[in-house]
K.L.:
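One structure coming up, written as structure tokens, with questions to follow.
Quick note on labels: first sequence line is chain A, next is B, and so on, each numbered from 1.
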Amino acid sequence: MSGKFFWFMTMMIFALIGHLAYTLFAPRYQVQKTFESAFGQNPKSSFVVLSSEQSKALFPSEDPNLVLAVCPYDVGQGQLKISISSVSDYWSLSIYTNTGQSFYTINDRQAKFSNLSILLRPIREKPADETSERETALKLEQAIINSPVNKGWVVLRLRAINPLSVHNTEKAAARFTCKTQTQ
Amino acid sequence: MNGLVKFAIASIGGIAIGLISAQKIIGGYEGLFNKTQGPWVSWPTAGTRSSNPYVRAHFLTANRLPISQFEVNELEARNDSNGKTLDSDCTYEISGPAQKTRWWSLYTYSSDGSASTQNIQPAGIGSHNILAKPDGSFVVKLSQQPQTGNWITPTKGDDLVLVLRHYNPAQSITNQFNFKGLPMIIRKDCQ
């Protein structure tokens with residue numbers, strides 16, 4: 001192997017390491033730092049409703065028309081029960097892993113029952129695909145979702161289309177609950 | 001040149017190449033994992049289980065949580081419809097037909113991802129407060145200068161990103177990534 005080729009290959013190996021490290025770890029580190037600085041490392045028993053100032057500080061690129069509420073979870077400590085109340089305007093609920101991957105989303109139109117609950121549990125079998133889980137939620141008052149990881153965040157987004165409606169929307173967000181069910 | 005110096009050059013140069021190439025792909029400049037329609041760029045697998053690390057990184061490095069395209073179809077524009085980079089010192093006319101979605105919003109952000117906050121005039125508009133024509137079509141002016149009709153302002157001095165969000169978009173959009181009917185962004189004049 002010639003000297004130039006050896007050093008070229010060395011450079012490419014470092015390029016690969018730098019590329020993968022940045023792609024895989026930088027976003028994960030950033031999202032975990034953001035959430036843990038805001039909500040701590042321990043799971044909460046309810047949604048934390050973010051004020052508009054907190055939302056701007058944590059998620060500056062999110063839609064300002066939305067009120068955000070976050071529930072950190074750890075299904076290693078027990079199943080998480082999320083209770084969804086009937087709210088007249090738009091809302092969506094997404095469940096994320098602690099690396100920022102969304103694996104379940106439902107909105108007000110899909111949740112046809114006024115009191116839908118979602119049971120989030122550790123994965124024990126091959127996960128059903130996203131569509132079938134959504135369909136399950138359409139048919140039953142309780143949806144069971146397998147979480148691919150133990151820790152993550154449930155993020156609730158509710159529409160607040162003007163400053164006057166923000167307070168009411170925050171009150172509506174407080175009607176959604178998440179609670180760890182210890183065995 | 002001794003081996004230690006060559007190793008330092010190879011390692012530093014290699015890591016730099018790795019970081020720059022990662023940022024290019026994550027930023028969407030290579031078009032590997034995004035779809036483009038005119039000036040609008042979408043990341044179809046964002047917020048799904050099939051999203052890859054580059055797509056996730058695109059959102060998370062900007063402190064944005066990716067969400068399923070079936071829930072919110074997020075489209076970004078860094079250029080106008082003629083391919084020129086958006087400039088906060090210019091006036092733009094953003095016009096389009098009625099959007100096939102439950103509701104939508106259009107906001108300007110600076111290149112670091114933050115929404116404009118220093119202006120009295122809002123940095124965004126949406127289907128709930130836009131003055132639209134009877135057929136649903138609309139025109140929005142993006143400018144530092146006062147404008148008649150629908151007017152939004154960018155943060156002065158920053159590179160601009162426009163983000164159009166379709167909430168609960170029509171299946172015709174999400175099934176085929178069919179983004180026809182997206183607004184045009186036309187540069188008018190610059191200061």
Side-chain angles (χ1 to χ4, degrees), chain A residues 3 6-32 34 56-66 68 70 90 92 94 96 99-110 127 129-131 134 148 153 155 157 159 161-162, chain B residues 3 6-7 9-23 25-26 46-54 56-68 70-72 74 76 102-103 105 107 109-110 112-115 117 122-124 126-129 161 163 165 167-168:
Chain A
F6 172 78
W7 289 116
F8 175 76
M9 289 308 296
T10 304
M11 185 181 275
M12 288 302 103
I13 289 168
F14 274 103
L16 186 65
I17 292 168
H19 186 98
L20 292 177
Y22 185 84
T23 305
L24 296 176
F25 299 115
R28 181 179 301 195
Y29 171 75
Q30 183 151 343
V31 71
Q32 287 177 349
T34 300
K56 279 178 193 165
L58 291 171
F59 308 111
S61 302
E62 280 289 329
D63 193 327
N65 293 309
L66 298 174
L68 299 180
V70 177
Y90 169 87
S92 73
S94 298
Y96 293 87
T99 58
Q101 179 154 19
S102 169
F103 60 91
Y104 181 78
T105 296
I106 190 167
N107 65 35
D108 60 318
R109 285 188 173 171
Q110 292 164 328
D129 64 52
E130 197 167 355
T131 308
R134 279 172 173 242
W153 306 281
V155 177
R157 298 170 169 91
R159 180 162 72 163
I161 56 175
N162 63 59
Chain B
K6 285 181 179 173
F7 181 79
I9 292 171
S11 58
I12 294 169
I15 288 172
I17 291 169
L19 293 178
I20 292 168
S21 61
Q23 286 179 334
I25 296 173
I26 290 168
T48 66
R49 283 184 167 147
S50 57
S51 71
N52 63 49
Y54 295 103
R56 282 204 299 281
H58 176 76
F59 286 84
L60 298 176
T61 52
N63 273 348
R64 284 166 65 190
L65 292 168
I67 189 165
S68 163
F70 294 95
E71 186 59 39
V72 186
E74 289 193 325
E76 304 165 10
R102 182 175 171 191
W103 64 286
S105 70
Y107 271 81
Y109 297 89
S110 59
D112 67 356
S114 56
T117 54
S127 52
H128 60 283
N129 61 354
V161 183
V163 179
R165 294 182 173 95
Y167 289 85
N168 301 162

K.L.:
Where the side chain of Tyr96(A) meets the backbone of Pro66(B), is there a donor-acceptor pair that is under 3.5 Å apart?
P.N.:
yes
K.L.:
Any side-chain heavy atom of Pro27(A) within less than 4.5 Å of one from His58(B)?
P.N.:
no
K.L.:
Of the listed residues (Tyr29(A), Tyr22(A), Trp7(A), Trp153(A)), which shares the most heavy-atom pairs with chain B below a 4.5 Å separation?
P.N.:
Trp7(A)
K.L.:
With a 4.5 angstrom heavy-atom cut-off, could you sort out which part of Ile25(B) is near chain A: side chain, backbone, both or neither?
P.N.:
side chain
K.L.:
Do Thr23(A) side-chain atoms and Leu20(A) backbone N/O form a donor-acceptor pair below 3.5 Å?
P.N.:
no
K.L.:
Salt-bridged, Glu76(B) to Arg64(B), with N to O below 4.0 Å?
P.N.:
yes
K.L.:
With a 4.5 Å cut-off on heavy-atom pairs, point out which of Ser105(B), Gly13(B), Gly126(B) contacts chain A the most.
P.N.:
Ser105(B)
K.L.:
Can you check side chain to side chain donor-acceptor pair (under 3.5 Å) on Asp63(A) and Tyr167(B), steps first, answer last?
P.N.:
CA-CA 11 Å; Asp63(A) 193 327; Tyr167(B) 289 85; 2.7 Å; yes
K.L.:
So does Arg102(B) pair up with Asp108(A), basic N to acidic O under 4.0 Å?
P.N.:
yes
K.L.:
Of all of Leu24(A), Leu58(A), Ile13(A), Ile17(A), which one pairs up most often with chain B through heavy atoms under 4.5 Å apart?
P.N.:
Leu58(A)
K.L.:
So which part of Asn129(B) gets closer than 4.5 Å to some heavy atom of chain A, the side chain, the backbone, both or neither?
P.N.:
neither
K.L.:
With a 4.5 angstrom heavy-atom cut-off, is it the side chain or the backbone of Leu66(A) that approaches chain B, or both, or neither?
P.N.:
side chain
K.L.:
Flag the one option from Thr61(B), Val72(B), Ile20(B), Ile26(B) with the top tally of heavy-atom pairs under 4.5 Å to chain A.
P.N.:
Thr61(B)
